[in-house]
Enquirer: 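Next up is a structure, given as structure tokens.
Residues take their numbers from the sequence shown, with the count starting at 1.
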Amino acid sequence: MNSSVKLAIIGDPVDGSLSPAIHNAAFSSLGIGLQYGAVRVPAARLVGLFPQLRERYLGLNVTRPLKESVLSLCNEVSSVAARAGSVNTIVF
């Protein structure tokens, strides 16, 4: 993945996600110097990969099956996410 990528969607699968195309088009049209990528993270590897994701990215969007699992890895969780028992967006 390109080293300029600073935001990503994580999950398994993510290869069909439209998020990178949508976000990158928005960033480009607004002149924002960020890129958005997709990172396949199997549920069984989430805990081991999370520290690397934290160091590499400014933030993440989370898709199934990781929305519930990632909750315990976050330093802070909004009251809405806590009530829902799942996380959609992570800001590092």
Side-chain angles (χ1 to χ4, degrees):
M1 184 160 292
N2 187 318
S3 64
S4 64
V5 173
K6 297 295 181 196
L7 302 168
I9 185 167
I10 62 169
D12 187 20
V14 291
D15 55 340
S17 175
L18 298 177
S19 291
I22 292 167
H23 285 85
N24 287 326
F27 293 154
S28 178
S29 73
L30 295 170
I32 298 172
L34 290 174
Q35 286 193 330
Y36 187 101
V39 180
R40 181 178 171 265
V41 176
R45 298 196 57 218
L46 175 63
V47 173
L49 290 174
F50 200 75
Q52 295 168 29
L53 295 167
R54 183 184 297 275
E55 287 181 21
R56 184 170 187 180
Y57 296 98
L58 298 172
L60 303 168
N61 289 122
V62 185
T63 190
R64 299 241 179 244
L66 305 179
K67 287 181 174 283
E68 293 83 13
S69 317
V70 79
L71 189 69
S72 66
L73 301 174
C74 295
N75 292 343
E76 295 179 36
V77 178
S78 73
S79 60
V80 174
R83 280 194 311 272
S86 66
V87 173
N88 184 63
T89 304
I90 298 172
V91 177
F92 294 122

Enquirer: Please collect all salt bridge (charged side-chain N to carboxylate O under 4.0 Å, His left out) contacts where either partner lies in residues 71-89, sequence neighbours excluded, each pair once.
Expert: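 Found none.
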Enquirer: Measure centre to centre between the rings of Tyr57 and Phe50, then say whether the value is under 6.0 Å.
Expert: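 Judged by ring-centre distance (under 6.0 Å), Tyr57 and Phe50 do not meet the cut-off.
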Enquirer: Looking only at non-hydrogen atoms, find the nearest pair between Asn24 and Gln35 and report the distance.
Expert: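 Here Asn24 and Gln35 meet closest at OD1-CA, 3.3 Å.
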Enquirer: Can you name the residues that form a side chain to side chain contact (heavy atoms under 4.5 Å, CB included) with Ser19, not counting sequence neighbours?
Expert: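 Result, side chain to side chain contact (heavy atoms under 4.5 Å, CB included) vs Ser19: Ile9, Ser17, His23, Tyr36.
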Enquirer: Would you please name every residue forming a side-chain hydrogen bond (donor to acceptor under 3.5 Å, both in side chains) with Arg64, sequence neighbours left out?
Expert: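 So Arg64 forms a side-chain hydrogen bond (donor to acceptor under 3.5 Å, both in side chains) with Glu68.
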Enquirer: Are Val87 and Leu71 side-chain neighbours, meaning at least one heavy-atom pair lies under 4.5 Å?
Expert: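 Result yes, sub-4.5 Å side-chain heavy-atom pair found.
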Enquirer: For the atom pair CG (Leu60) and CG (Leu66), what is the distance rounded to the nearest 0.5 Å?
Expert: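 If we round to the nearest 0.5 Å, Leu60:CG and Leu66:CG are 10.0 Å apart.
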Enquirer: If you group Ile, Leu, Val, Met, Phe, Trp and Tyr by side-chain heavy-atom gaps below 4.5 Å, do Val14 and Ile22 land in one group?
Expert: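 Cluster IDs for Val14 and Ile22 differ.
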Enquirer: Same cluster for Leu7 and Leu30 if Ile/Leu/Val/Met/Phe/Trp/Tyr side chains link at under 4.5 Å?
Expert: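 Yes, Leu7 connects to Leu30 through the hydrophobic network.
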Enquirer: Which atom names give the shortest non-hydrogen contact between Thr63 and Pro13, and what distance separates them?
Expert: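 Where Thr63 meets Pro13 most closely, the heavy atoms are CG2-O, 4.3 Å.
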Enquirer: Taking all heavy atoms of Lys6 and all of Arg56, pick out the closest pair and write down the distance.
Expert: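 Shortest heavy-atom contact: CD-O, 4.2 Å.
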Enquirer: Should we say atom CZ of Arg45 is surrounded by more than 12 heavy atoms from elsewhere, each under 6.0 Å from it?
Expert: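 At most 12 heavy atoms, drawn from other residues, nucleotides or ligands, come within 6.0 Å of this atom.
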Enquirer: Who passes side-chain hydrogen bond (donor to acceptor under 3.5 Å, both in side chains) against Thr89, sequence neighbours left out?
Expert: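 For Thr89, the residues satisfying side-chain hydrogen bond (donor to acceptor under 3.5 Å, both in side chains) (neighbours in sequence not counted) are Asn61.
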Enquirer: Would you compute the distance between atom CG of Leu73 and atom CZ of Arg54 and round it to the nearest 0.5 angstrom?
Expert: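 These two atoms lie 8.0 Å from each other.
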Enquirer: Where do Leu46 and Val41 land on the side-chain contact (heavy atoms from CB on, under 4.5 Å) test, with the steps shown first?
Expert: CA-CA 6 Å; Leu46 175 63; Val41 176; 4.1 Å; yes
Enquirer: So, using side-chain hydrogen bond (donor to acceptor under 3.5 Å, both in side chains) as the criterion, who are the partners of Arg40 when residues are at least two apart?
Expert: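 So Arg40 forms a side-chain hydrogen bond (donor to acceptor under 3.5 Å, both in side chains) with Asp12.
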Enquirer: Closest heavy-atom contact between Ala82 and Val77?
Expert: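 Shortest heavy-atom contact: N-CG1, 3.6 Å.
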Enquirer: Which distance, rounded to the nearest 0.5 Å, do you find between the CG of Leu53 and the CD1 of Ile10?
Expert: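 Rounded to the nearest 0.5 Å, the CG-CD1 separation comes to 5.5 Å.
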Enquirer: Partners of Ala25 by side chain to side chain contact (heavy atoms under 4.5 Å, CB included), sequence neighbours excluded?
Expert: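 In terms of side chain to side chain contact (heavy atoms under 4.5 Å, CB included), with neighbours along the sequence ignored, Ala25 is linked to no residue.
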